[in-house]
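When reading the values below, keep in mind they use all heavy atoms of this one structure, side chains included, and skip hydrogens, waters and symmetry mates. Labels below follow one simple rule: chain letters A, B, ... track the order of the sequence lines, proteins then strands, and each chain is numbered from 1.
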Number of protein chains: 2
Amino acid sequence: MNLPSVAPGQPLTSDLGEAMEFIRNVPIFSEIEASELAKIVRVGVRKKYKKGSIILLEEETGAALFVIISGKVKIVRTDDDGREVILSILGENDFFGEMSILDGLARSASVVAITKTELFMIHRRDFLKLLQDVPAVAVSLLKELTMRLRKADAQIKSLSLKDAAGRVANVILQLADDIGTIRKGRVEIDELPLQQDLANMAGTSRETISRVVHMFIKKNHLELQGNKLIINDYEKFKSLYT
Amino acid sequence: MNLPSVAPGQPLTSDLGEAMEFIRNVPIFSEIEASELAKIVRVGVRKKYKKGSIILLEEETGAALFVIISGKVKIVRTDDDGREVILSILGENDFFGEMSILDGLARSASVVAITKTELFMIHRRDFLKLLQDVPAVAVSLLKELTMRLRKADAQIKSLSLKDAAGRVANVILQLADDIGTIRKGRVEIDELPLQQDLANMAGTSRETISRVVHMFIKKNHLELQGNKLIINDYEKFKSLYT
DNA sequence: TATTACTTGTCAAAATCGTAAAATTTCATG
DNA sequence: CATGAAATTTTACGATTTTGACAAGTAATA
């Protein structure tokens with residue numbers, strides 16, 4: 001794992017228009033008036049990270065909200081033994097860092113770039129002010145947290161009740177929903193994460209991932225083309241393993 | 001499992017003062033002015049359920065917020081095979097039902113009374129109005145959801161990385177935090193849930209609960225007095241199994 | 001109080017899953 | 001394109017956990 005890339009963080013003032021355009025498309029900010037938005041954009045900072053770099057470290061306290069401009073990150077909790085659980089994978093327009101802002105506690109998870117990633121950072125105080133001033137942002141945020149709780153609950157159910165095959169199927173279906181594309185009636189997942197990452201999402205070992213994925217391929221549920229995973233019949237697969 | 005008890009739900013107008021007193025002590029309403037509070041109390045409804053009755057059923061849509069006046073409930077997700085996962089156990093002053101209100105989706109979990117329970121119910125529209133009118137409520141709610149997300153994430157980590165003993169220890173520690181009391185420097189859990197419920201929380205079988213708890217007792221970490229579980233050295237136990 | 005329904009402790013058999021290690025493939029980089 | 005590093009596949013094995021069962025204990029109730 002690399003150290004954080006020390007991008008100095010250029011202010012966005014150089015290109016306000018572009019930044020506005022971006023931020024307006026971020027769901028939790030979509031309700032904000034242009035004037036408010038401009039304030040935010042002016043105090044925000046743009047940061048770049050290369051693949052593998054640690055963006056935030058567990059146990060840290062300094063709080064800020066980050067919105068993903070481009071790239072993908074994983075939210076990770078780590079064991080004393082160094083084993084990790086991936087709580088979620090976030091992509092463009094998703095945000096993170098809100099939990100420490102809201103309750104003031106130390107981060108309970110680290111954030112790692114899994115591709116080259118560009119972020120938009122808003123300091124705690126600015127974000128809190130926004131929450132105060134624009135009630136719609138609070139409501140958006142409530143909706144987003146609710147969605148995350150639903151996902152977490154589904155994950156707990158899966159981990160509690162399903163065997164390894166079921167949990168892996170779940171992770172694949174989750175990825176399909178999050179980053180899958182539909183082509184010729186089939187769902188494709190480009191850039192399938194590493195087996196080790198899949199294992200860390202499904203709460204199993206890398207070996208089991210290998211075994212189970214090939215079992216699915218033998219049963220014609222899945223197809224693997226290089227780094228692309230194809231679900232032949234999404235609905236059928238879902239109904240069989242959910 | 002019994003059918004829902006059909007308590008007709010008496011308005012609280014009969015005893016406004018008492019209801020105010022109660023609602024004022026509920027954390028998410030603590031910031032509200034007395035006048036606002038009175039409105040809420042007037043539109044709220046009190047409901048009673050007996051042990052074992054189903055308060056809310058998964059897949060239902062009708063949305064309302066419930067605050068627990070007295071008793072305990074479990075939030076449960078159920079398998080097609082009827083196996084269940086307990087997502088959390090809530091007690092006095094806790095609330096539930098907010099997720100469907102916020103995102104409008106059907107409930108993803110059922111709620112079952114595990115003791116005789118009395119609830120205070122606020123209809124969706126009244127709660128949404130409250131959110132609009134009193135920003136502090138939104139912030140309280142955001143904090144509470146954040147806390148629940150942290151708990152859920154910890155649960156996911158535990159289920160993913162720990163063996164059965166570790167997961168059981170985790171559930172016991174969680175119960176200690178939620179409903180434990182400190183006596184003579186030790187943490188006591190009165191009314192330990194049934195082994196089957198513990199199993200449904202730890203994602204394991206009842207037999208394993210029995211085996212592991214007795215292993216902990218042999219190692220002098222725990223003591224069992226009837227239905228009361230005592231953690232002899234909370235910190236040590238935590239450090240050994242967390 | 002007697003009876004019935006739950007709840008718990010424990011066992012043996014069977015299944016599941018993780019660990020380890022070696023062989024092979026894929027990928028990144030000079 | 002070659003080469004070393006990283007990632008994956010495969011195999012075998014053993015440890016953990018689940019299943020299903022039953023007896024003993026406890027609580028609930030008629």
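Here T208(B) does not reach the OP1 or OP2 of dT17(D): none of its side-chain N or O atoms lies under 4.0 Å away. Using a 4.0 Å cut-off, some side-chain N or O of T204(B) falls inside it from OP1 or OP2 of dT18(D).
Between E118(B) and R46(B) there is a salt bridge, since at least one side-chain N of the basic residue sits less than 4.0 Å from a carboxylate O of the acidic one. Look at K151(A) and D178(A) and you find a salt bridge, because one of the NZ, NE, NH1 or NH2 atoms lies within 4.0 Å of a carboxylate O, short of that distance.
Computed from coordinates, the Q196(A) CD to dT19(C) C1' distance equals 13 Å when rounded to whole Å. Here dA7(D) presents its P atom at 16 Å from CD of E191(A), a figure rounded to the nearest Å. Taking atom CD of Q195(A) as the reference point, atom C1' of dT25(C) lies 12 Å away to the nearest angstrom. When the P atom of dT8(C) is taken as reference, atom CG of L222(B) falls 15 Å away, rounded to whole Å. Note: CE (M215(A)) to C1' (dC17(C)) measures 13 Å, nearest angstrom. Separating the CG atom of N200(B) from the C1' atom of dT18(D) is a distance of 14 Å, rounded to the nearest angstrom. Here dT16(C) presents its C1' atom at 16 Å from CG of L161(A), a figure rounded to the nearest Å. Residue I114(B) contributes atom CD1, which lies 18 Å from atom P of dC6(C) at whole-angstrom precision.
Nearest to the side-chain atoms of E207(A) among the listed nucleotides dT17(D), dA20(C), dG18(C) stands dA20(C). Each of dT19(C), dG9(C), dT9(D) was ranked by its minimum atom distance to the side chain of R206(B); first place goes to dG9(C). Side-chain proximity of A164(A) to the nucleotides dT8(C), dC17(C), dT8(D) is greatest for dC17(C).
In this structure, L194(A) reaches the sugar-phosphate backbone alone: every heavy-atom distance under 4.0 Å involves primed, P, OP1 or OP2 atoms, never a base.
Under the 6.0 Å cut-off for aromatic ring centres, F95(B) and F120(B) do not qualify, their centroids lying 6.0 Å or more apart.
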Q | Residue pair Q195(B), R206(B): steps toward the side-chain hydrogen bond (donor to acceptor under 3.5 Å, both in side chains) verdict | A | CA-CA 6 Å; Q195(B) 287 194 351; R206(B) 192 195 60 75; 2.8 Å; yes
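Classified by interplanar angle (parallel below 30°, tilted 30° to 60°, perpendicular above 60°), the ring pair F66(B)/F96(B) is parallel.
Map R211(A) and H214(B) each onto its nearest nucleotide of DNA chain C; the residue landing nearer the 5' end is H214(B).
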